[in-house]
Amino acid sequence: MVASFSYTACTKLSLLHPPMAAQIRPIKTTQKAFVMTNPEQDSTLEEQETEIIKEEQTEKKMKKQPTPLRPVEKQSNVKSTGMPREFGGQWLSSVTRHVRIYAAYIDPETCEFDQTQMDKLTLILDPTEEFVWDDESCNKVYSYFQELVDHYEGAPLTEYTLRLIGSDVEHYIRKMLFDGEIQYNMDARVLNFSMGKPRVQFNTSNIEVGGDGQPQE
(Lines give C-alpha, C1' and ligand atoms only; values in the text may rest on other atoms or scores of the structure.)
Protein backbone atom coordinates (compact mmCIF):
# COMPACT_ATOMS: atom_id res chain seq x y z
CA MET A 1 0.00 0.00 0.00
CA VAL A 2 1.43 3.34 -1.03
CA ALA A 3 0.12 5.79 1.52
CA SER A 4 1.65 8.77 -0.31
CA PHE A 5 -0.91 8.32 -3.13
CA SER A 6 -4.03 8.69 -1.02
CA TYR A 7 -6.86 11.18 -0.76
CA THR A 8 -9.69 11.40 1.77
CA ALA A 9 -12.93 13.23 1.01
CA CYS A 10 -16.01 13.89 3.10
CA THR A 11 -19.08 12.22 1.72
CA LYS A 12 -22.82 12.66 2.14
CA LEU A 13 -23.79 9.15 1.15
CA SER A 14 -26.81 7.94 3.08
CA LEU A 15 -26.57 5.31 5.81
CA LEU A 16 -30.35 5.12 6.23
CA HIS A 17 -31.51 3.99 2.80
CA PRO A 18 -31.46 0.31 1.76
CA PRO A 19 -29.00 -0.64 -1.01
CA MET A 20 -31.35 0.07 -3.90
CA ALA A 21 -29.77 0.62 -7.29
CA ALA A 22 -32.72 2.80 -8.30
CA GLN A 23 -31.53 5.50 -5.92
CA ILE A 24 -28.28 5.94 -7.84
CA ARG A 25 -28.40 9.04 -9.99
CA PRO A 26 -26.72 8.49 -13.38
CA ILE A 27 -24.22 11.08 -14.54
CA LYS A 28 -26.00 13.57 -16.74
CA THR A 29 -25.38 13.23 -20.46
CA THR A 30 -26.51 15.26 -23.43
CA GLN A 31 -29.81 13.92 -24.75
CA LYS A 32 -30.95 14.32 -28.35
CA ALA A 33 -34.55 13.94 -29.46
CA PHE A 34 -35.74 12.67 -32.85
CA VAL A 35 -38.74 14.59 -34.15
CA MET A 36 -40.86 13.90 -37.24
CA THR A 37 -41.41 17.13 -39.19
CA ASN A 38 -43.06 18.41 -42.32
CA PRO A 39 -40.88 19.08 -45.40
CA GLU A 40 -41.52 22.81 -45.05
CA GLN A 41 -39.84 22.80 -41.63
CA ASP A 42 -36.70 20.99 -42.77
CA SER A 43 -34.71 24.14 -43.57
CA THR A 44 -35.52 25.69 -40.20
CA LEU A 45 -34.57 22.51 -38.35
CA GLU A 46 -31.31 22.21 -40.28
CA GLU A 47 -30.36 25.72 -39.24
CA GLN A 48 -31.22 24.95 -35.62
CA GLU A 49 -29.24 21.71 -35.72
CA THR A 50 -26.26 23.53 -37.22
CA GLU A 51 -26.35 26.07 -34.40
CA ILE A 52 -26.59 23.29 -31.82
CA ILE A 53 -23.61 21.46 -33.34
CA LYS A 54 -21.57 24.66 -33.31
CA GLU A 55 -22.45 25.25 -29.66
CA GLU A 56 -21.48 21.68 -28.76
CA GLN A 57 -18.17 22.03 -30.57
CA THR A 58 -17.48 25.28 -28.77
CA GLU A 59 -18.23 23.68 -25.41
CA LYS A 60 -15.88 20.79 -26.19
CA LYS A 61 -13.10 23.18 -27.05
CA MET A 62 -13.53 24.98 -23.75
CA LYS A 63 -11.45 23.27 -21.11
CA LYS A 64 -13.54 21.87 -18.33
CA GLN A 65 -12.68 23.34 -14.97
CA PRO A 66 -11.61 20.58 -12.57
CA THR A 67 -13.51 20.08 -9.35
CA PRO A 68 -11.68 21.84 -6.49
CA LEU A 69 -10.04 19.48 -4.04
CA ARG A 70 -11.53 19.44 -0.55
CA PRO A 71 -9.34 16.98 1.33
CA VAL A 72 -10.02 16.15 4.96
CA GLU A 73 -7.63 17.78 7.39
CA LYS A 74 -4.91 15.46 8.61
CA GLN A 75 -5.73 13.87 11.95
CA SER A 76 -3.33 12.83 14.67
CA ASN A 77 -3.21 9.76 16.91
CA VAL A 78 -5.42 7.74 14.55
CA LYS A 79 -6.06 4.20 15.74
CA SER A 80 -7.37 1.30 13.72
CA THR A 81 -11.00 0.83 14.70
CA GLY A 82 -13.51 -1.56 13.17
CA MET A 83 -16.85 -0.62 11.68
CA PRO A 84 -19.78 -0.52 14.12
CA ARG A 85 -21.62 -3.81 14.53
CA GLU A 86 -24.89 -2.42 13.17
CA PHE A 87 -23.11 -2.08 9.82
CA GLY A 88 -21.69 -5.58 9.81
CA GLY A 89 -18.43 -5.02 11.67
CA GLN A 90 -16.39 -5.29 8.44
CA TRP A 91 -14.94 -2.58 6.27
CA LEU A 92 -16.93 -1.17 3.40
CA SER A 93 -14.75 -0.93 0.32
CA SER A 94 -14.27 -1.23 -3.42
CA VAL A 95 -10.95 -2.65 -4.60
CA THR A 96 -9.67 -2.76 -8.16
CA ARG A 97 -6.20 -2.98 -9.67
CA HIS A 98 -5.42 0.73 -9.43
CA VAL A 99 -8.20 2.11 -7.21
CA ARG A 100 -8.99 1.21 -3.62
CA ILE A 101 -11.81 3.08 -1.90
CA TYR A 102 -12.63 2.63 1.78
CA ALA A 103 -15.41 4.11 3.88
CA ALA A 104 -12.96 5.16 6.58
CA TYR A 105 -10.30 7.66 7.48
CA ILE A 106 -6.83 6.27 6.74
CA ASP A 107 -3.75 7.96 8.14
CA PRO A 108 -1.51 8.66 5.11
CA GLU A 109 1.63 8.02 7.16
CA THR A 110 0.78 5.17 9.53
CA CYS A 111 -2.00 3.58 7.38
CA GLU A 112 -4.19 3.21 10.48
CA PHE A 113 -7.84 2.54 9.54
CA ASP A 114 -10.54 4.34 11.51
CA GLN A 115 -13.67 2.76 10.11
CA THR A 116 -15.95 4.53 12.56
CA GLN A 117 -15.55 7.66 10.40
CA MET A 118 -17.97 6.44 7.75
CA ASP A 119 -18.65 9.99 6.62
CA LYS A 120 -15.30 9.90 4.82
CA LEU A 121 -14.11 8.04 1.73
CA THR A 122 -10.40 7.39 1.30
CA LEU A 123 -8.95 6.70 -2.14
CA ILE A 124 -5.65 4.82 -2.41
CA LEU A 125 -4.26 5.34 -5.90
CA ASP A 126 -2.20 2.73 -7.75
CA PRO A 127 -0.89 0.83 -4.71
CA THR A 128 1.36 -1.38 -6.87
CA GLU A 129 2.99 1.67 -8.53
CA GLU A 130 2.28 0.43 -12.05
CA PHE A 131 2.33 4.00 -13.37
CA VAL A 132 4.57 7.02 -12.89
CA TRP A 133 2.75 9.78 -11.03
CA ASP A 134 3.50 13.41 -10.29
CA ASP A 135 1.53 15.98 -8.30
CA GLU A 136 -0.39 17.19 -11.35
CA SER A 137 -1.55 13.76 -12.51
CA CYS A 138 -2.43 12.69 -8.96
CA ASN A 139 -4.48 15.83 -8.41
CA LYS A 140 -6.38 15.19 -11.64
CA VAL A 141 -7.47 11.80 -10.34
CA TYR A 142 -8.29 13.22 -6.92
CA SER A 143 -10.33 16.01 -8.53
CA TYR A 144 -12.33 13.49 -10.56
CA PHE A 145 -12.83 11.35 -7.45
CA GLN A 146 -14.13 14.43 -5.59
CA GLU A 147 -16.50 15.15 -8.49
CA LEU A 148 -17.90 11.62 -8.29
CA VAL A 149 -18.30 11.80 -4.51
CA ASP A 150 -20.25 15.04 -4.93
CA HIS A 151 -22.34 13.52 -7.70
CA TYR A 152 -23.46 10.53 -5.61
CA GLU A 153 -24.56 12.70 -2.69
CA GLY A 154 -27.65 11.13 -1.13
CA ALA A 155 -27.04 7.68 -2.61
CA PRO A 156 -26.86 4.72 -0.23
CA LEU A 157 -23.44 4.01 1.27
CA THR A 158 -22.98 0.48 -0.09
CA GLU A 159 -20.31 -1.48 -1.88
CA TYR A 160 -22.36 -1.07 -5.06
CA THR A 161 -22.05 2.72 -4.89
CA LEU A 162 -18.35 2.50 -4.13
CA ARG A 163 -17.87 0.13 -7.09
CA LEU A 164 -19.58 2.64 -9.38
CA ILE A 165 -17.17 5.34 -8.23
CA GLY A 166 -14.15 3.05 -8.46
CA SER A 167 -15.06 1.87 -11.96
CA ASP A 168 -15.34 5.45 -13.21
CA VAL A 169 -11.96 6.32 -11.71
CA GLU A 170 -10.39 3.28 -13.41
CA HIS A 171 -11.76 4.43 -16.77
CA TYR A 172 -10.39 7.91 -16.10
CA ILE A 173 -6.92 6.49 -15.42
CA ARG A 174 -7.09 4.52 -18.68
CA LYS A 175 -7.97 7.72 -20.54
CA MET A 176 -5.02 9.51 -18.94
CA LEU A 177 -2.74 6.69 -20.08
CA PHE A 178 -4.01 6.79 -23.68
CA ASP A 179 -3.73 10.59 -23.71
CA GLY A 180 -0.09 10.37 -22.59
CA GLU A 181 -0.68 12.12 -19.26
CA ILE A 182 0.78 9.17 -17.36
CA GLN A 183 3.03 6.31 -18.40
CA TYR A 184 3.96 2.86 -17.22
CA ASN A 185 6.55 2.57 -14.50
CA MET A 186 9.26 0.46 -16.12
CA ASP A 187 10.85 -0.04 -12.69
CA ALA A 188 7.71 -1.60 -11.25
CA ARG A 189 8.04 -4.92 -9.50
CA VAL A 190 5.83 -6.63 -12.11
CA LEU A 191 5.39 -5.47 -15.71
CA ASN A 192 2.20 -6.89 -17.15
CA PHE A 193 0.79 -3.75 -18.86
CA SER A 194 -2.70 -4.26 -17.44
CA MET A 195 -4.19 -1.45 -19.56
CA GLY A 196 -2.57 -2.47 -22.83
CA LYS A 197 0.97 -2.59 -24.15
CA PRO A 198 2.77 0.74 -24.61
CA ARG A 199 2.56 2.28 -28.06
CA VAL A 200 5.98 3.15 -29.45
CA GLN A 201 6.44 5.68 -32.23
CA PHE A 202 9.48 5.16 -34.45
CA ASN A 203 11.31 8.10 -36.00
CA THR A 204 12.00 7.15 -39.63
CA SER A 205 13.17 10.59 -40.76
CA ASN A 206 16.85 9.66 -40.33
CA ILE A 207 16.66 6.39 -42.27
CA GLU A 208 18.33 6.61 -45.69
CA VAL A 209 16.67 4.72 -48.51
CA GLY A 210 18.72 3.29 -51.37
CA GLY A 211 17.85 3.19 -55.03
CA ASP A 212 16.17 -0.18 -54.66
CA GLY A 213 13.79 1.27 -52.07
CA GLN A 214 15.42 -0.65 -49.23
CA PRO A 215 16.85 1.11 -46.15
CA GLN A 216 20.62 1.33 -46.10
CA GLU A 217 22.69 0.30 -43.12
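- Distance check: Lys140 NZ to Lys175 NZ gives 8.0 Å after rounding to the nearest 0.5 Å.
- Hydrophobic clustering (side-chain heavy atoms under 4.5 Å, transitive across Ile, Leu, Val, Met, Phe, Trp, Tyr) keeps Val132 apart from Phe178.
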message: side-chain contact (heavy atoms from CB on, under 4.5 Å), that's the test. Do Phe131 and Asn185 meet it? Break it down for me.
response: CA-CA 5 Å; Phe131 303 108; Asn185 178 13; 5.7 Å; no

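- Around the CG atom of Asp135, the shell of radius 6.0 Å holds no more than 12 heavy atoms that belong to other residues, nucleotides or ligands.
- Nearest heavy-atom pair across Glu159 and Ser93 is CG-O, 3.6 Å.
- Within the 4.5 Å cutoff, the side chain of Ser94 has no heavy atoms near those of the Ile165 side chain.
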- prompt: Checking side-chain contact (heavy atoms from CB on, under 4.5 Å) for the pair Glu130/Tyr184: CA distance, chi angles, key distance, verdict?
  reply: CA-CA 6 Å; Glu130 184 174 9; Tyr184 283 109; 3.4 Å; yes

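- Ile106 and Val95 fall within a single hydrophobic cluster, where Ile, Leu, Val, Met, Phe, Trp and Tyr side chains are chained together by heavy-atom contacts under 4.5 Å.
- Classified by interplanar angle (parallel below 30°, tilted 30° to 60°, perpendicular above 60°), the ring pair Tyr102/Phe113 is perpendicular.
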- prompt: So Leu125 and Phe145, side-chain contact (heavy atoms from CB on, under 4.5 Å) or not? Walk me through it.
  reply: CA-CA 11 Å; Leu125 176 62; Phe145 173 68; over 6 Å; no

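- Across all their heavy atoms, Leu177 and Gln183 have their closest contact at CD1-CA, 4.1 Å.
- The line from CG of Leu164 to CG of Leu148 is 9.5 Å long, rounded to the nearest 0.5 Å.
- Formation of a donor-acceptor pair under 3.5 Å by the Thr122 side chain with backbone atoms of Ala104 is found in this model.
- Atom CD of Gln115 is separated from atom CG of Leu92 by 9.0 Å, given to the nearest 0.5 angstrom.
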query: How far apart are the C-alpha atoms of Thr128 and Val190, what are their side-chain angles, what is the distance that settles it, and do they pass the side-chain contact (heavy atoms from CB on, under 4.5 Å) test?
result: CA-CA 9 Å; Thr128 60; Val190 178; over 6 Å; no

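- Taking the charged nitrogens against the carboxylate oxygens, Glu170 and Arg97 have no contact shorter than 4.0 Å, which rules out a salt bridge.
- The side-chain heavy atoms of Arg100 and Pro127, taken from C-beta on, include a pair separated by under 4.5 Å.
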message: Could you go through Tyr105 and Glu112, starting from their C-alpha distance and side-chain angles, then the distance that decides it, and tell me whether this counts as side chain to side chain donor-acceptor pair (under 3.5 Å)?
response: CA-CA 8 Å; Tyr105 176 82; Glu112 295 287 339; over 6 Å; no

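- Summarising the geometry of Tyr142 relative to Ser6, their closest heavy-atom pair is OH-N, 3.2 Å, with the distance given to 0.1 Å.
- Atom CD of Gln146 and atom CG of Leu121 lie 9.5 Å apart (nearest 0.5 Å).
- Within the 3.5 Å criterion, the main-chain N or O of Thr116 finds a donor-acceptor partner in the side chain of Asp114.
- Contact of the Arg189 side chain with the Glu129 side chain is not registered, since no non-hydrogen atoms from C-beta on lie closer than 4.5 Å.
- In this structure, CD1 on Ile101 lies 11.5 Å from OG1 on Thr8, to the nearest 0.5 angstrom.
- Atom CG of Asp179 is separated from atom CE of Met176 by 8.5 Å, given to the nearest 0.5 angstrom.
- For the pair Asp119 and Gln117, the minimum side-chain heavy-atom distance is below 4.5 Å.
- The backbone N or O of Ile182 sits nowhere less than 3.5 Å from a side-chain atom of Ser137 that would complete a donor-acceptor pair.
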